[in-house]
Protein chains: 2
Amino acid sequence: MGRDEFIDACKQVGLNVTYQRIAIFNKLMEHTDHPSADDIYKEVRQDYPTISLATVYKTLETLAKHDLISKVTYLHDIARYDGTSEAHHHLVCIKCKKIIDIDSNALDAIGIPAGVPGNFRILNYRVQFDGICESCESASTEQE
Amino acid sequence: MGRDEFIDACKQVGLNVTYQRIAIFNKLMEHTDHPSADDIYKEVRQDYPTISLATVYKTLETLAKHDLISKVTYLHDIARYDGTSEAHHHLVCIKCKKIIDIDSNALDAIGIPAGVPGNFRILNYRVQFDGICESCESASTEQE
DNA sequence: GTGCATGCAAACCGTTTGCACAATA
DNA sequence: TATTGTGCAAACGGTTTGCATGCAC
């Protein structure tokens with residue numbers, strides 16, 4: 001998505017178009033990696049020295065909420081532990097944050113896909129399924 | 001792994017066997033879900049009221065480092081953002097923390113595996129490959 | 001007895017929030 | 001002008017650290 005498309009997209013979802021939002025979005029699009037809020041802040045501040053870190057956070061959250069960008073943090077932001085040391089796969093309920101192990105031979109048979117660059121030595125992999133668990137599903141029949 | 005095996009394993013990797021470590025490990029093994037350090041702390045404290053949260057953190061980290069348990073936090077603990085709003089898959093370098101997108105049709109074709117309970121509504125999924133990127137690989141020929 | 005482990009409190013860091021001011025539509 | 005966004009600073013929550021005491025070996 002380019003600058004003009006971004007402006008259009010903002011208008012479509014009812015967001016004011018501010019130079020901060022444009023600057024943050026542009027910086028994000030310049031990255032092929034996945035910068036943190038602080039990374040973005042440091043870069044944008046070179047062009048707009050008065051911008052605040054709080055604005056960067058708020059803007060990124062706002063844009064992500066409207067699906068103009070995406071937030072790339074798997075699972076939750078607090079550490080979780082598991083009694084086994086083997087990597088396995090998880091179901092994560094996006095509502096109640098419950099984590100359910102899955103043990104599937106089908107998944108383990110995925111193997112290394114074609115898209116992976118050969119110079120990256122893969123040690124392990126894991127699949128995370130995001131969804132809604134049974135109890136949250138039934139609870140949300142009424143809820144927002 | 002049971003209590004006795006755990007004690008043996010500690011000895012094998014050169015860790016002192018303390019009642020705190022045993023208590024923390026036991027609590028963790030009682031869980032089928034993935035408790036946080038604080039969850040474990042609250043439970044262990046019922047049996048050992050003098051235990052501290054710092055000990056729980058240190059113990060979990062120590063046990064994870066020696067592969068007696070595993071830490072289940074995908075990616076990093078700080079939020080990362082991405083200019084696209086589509087879910088995709090990632091290579092994560094465990095050394096330099098770099099995140100590389102992969103775009104593989106093979107992965108997208110995984111589908112829902114057999115091990116997934118039918119009452120969990122899956123909205124999305126993503127695969128994370130952990131490994132070592134090219135530059136860290138060559139750098140680590142010398143390093144610790 | 002030596003060295004590793006624990007417990008406490010304070011520090012730390014990423015993130016969020018409240019509120020006054022400023023900019024957008 | 002009404003509403004939404006920004007910037008500052010303070011608060012927050014999970015996690016880590018320094019250090020003195022205590023325990024395992």
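Heavy atoms only: backbone and side chains are in, while hydrogens, waters and symmetry mates are out. Here is the naming used below: chain letters follow the sequence lines, and residue numbers restart at 1 for every chain.
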Q. Atom CD1 of B:Ile22 and atom P of C:dA5: how far apart are they, to the nearest Å?
A. 14 Å

Q) What is the distance from atom CD1 of A:Ile7 to atom CD1 of A:Ile22, rounded to the nearest 0.5 Å? A) 4.0 Å

Q.
What's the closest nucleotide to the side chain of A:Lys58 if the choices are C:dC8, D:dG5, C:dT17?
A. C:dT17

(Q) In this structure, how many angstroms lie between the C1' atom of C:dA22 and the CG atom of A:Asn16, rounded? (A) 12 Å

Q | Contact under 4.0 Å: A:Ser36 side-chain N or O vs C:dG14 OP1/OP2 | A | no

**Q.** OP1 or OP2 of C:dA23 under 4.0 Å from side-chain N/O of A:Gln20
**A.** no

Q. Would you call A:Lys58-A:Glu61 a salt bridge at under 4.0 Å N-O?
A. no

Q) Counting only side-chain N and O atoms of A:Thr18, is one of them less than 4.0 Å from OP1 or OP2 of C:dA23? A) no

Q: Please report, rounded to the nearest Å, how far the C1' atom of C:dT17 is from the CG atom of A:Leu53.
A: 13 Å

(Q) If you only use heavy atoms from C-beta on, which nucleotide in D:dC8, D:dC25, C:dG7 is closest to the side chain of B:Thr50? (A) C:dG7

Q. After noting the C-alpha distance and the side-chain angles of A:Ile40 and A:Thr59, does the key distance pass the side-chain contact (heavy atoms from CB on, under 4.5 Å) rule?
A. CA-CA 11 Å; A:Ile40 296 287; A:Thr59 299; over 6 Å; no

Q. What's the spacing between A:Ile24 CD1 and A:Tyr57 OH if we round to 0.5 Å?
A. 12.0 Å

Q: Answer with base, sugar-phosphate or nothing: what part of the nucleic acid does A:Thr62 contact at a heavy-atom distance below 4.0 Å?
A: nothing

(Q) Quick check: closest heavy atoms across A:Phe120 and B:Phe129, and the distance to 0.1 Å? (A) CE2-O, 4.4 Å

Q) Which is true for B:Thr59 with a 4.0 Å heavy-atom rule: it touches a base, it touches only sugar-phosphate, or it touches nothing? A) sugar-phosphate

Q: Would you please confirm or rule out a distance under 4.0 Å between OP1 or OP2 of D:dT6 and any side-chain N or O of A:Ser52?
A: no

Q) Of the candidate nucleotides D:dT16, D:dC25, C:dT16, which contains the atom at the shortest distance from the side chain of B:Tyr57? A) D:dT16

Q | Sugar-phosphate, base or nothing in reach of B:Leu15, heavy atoms under 4.0 Å | A | sugar-phosphate

Q.
Could you tell me how far apart A:Lys71 (NZ) and C:dG14 (P) are, to the nearest whole angstrom?
A. 14 Å

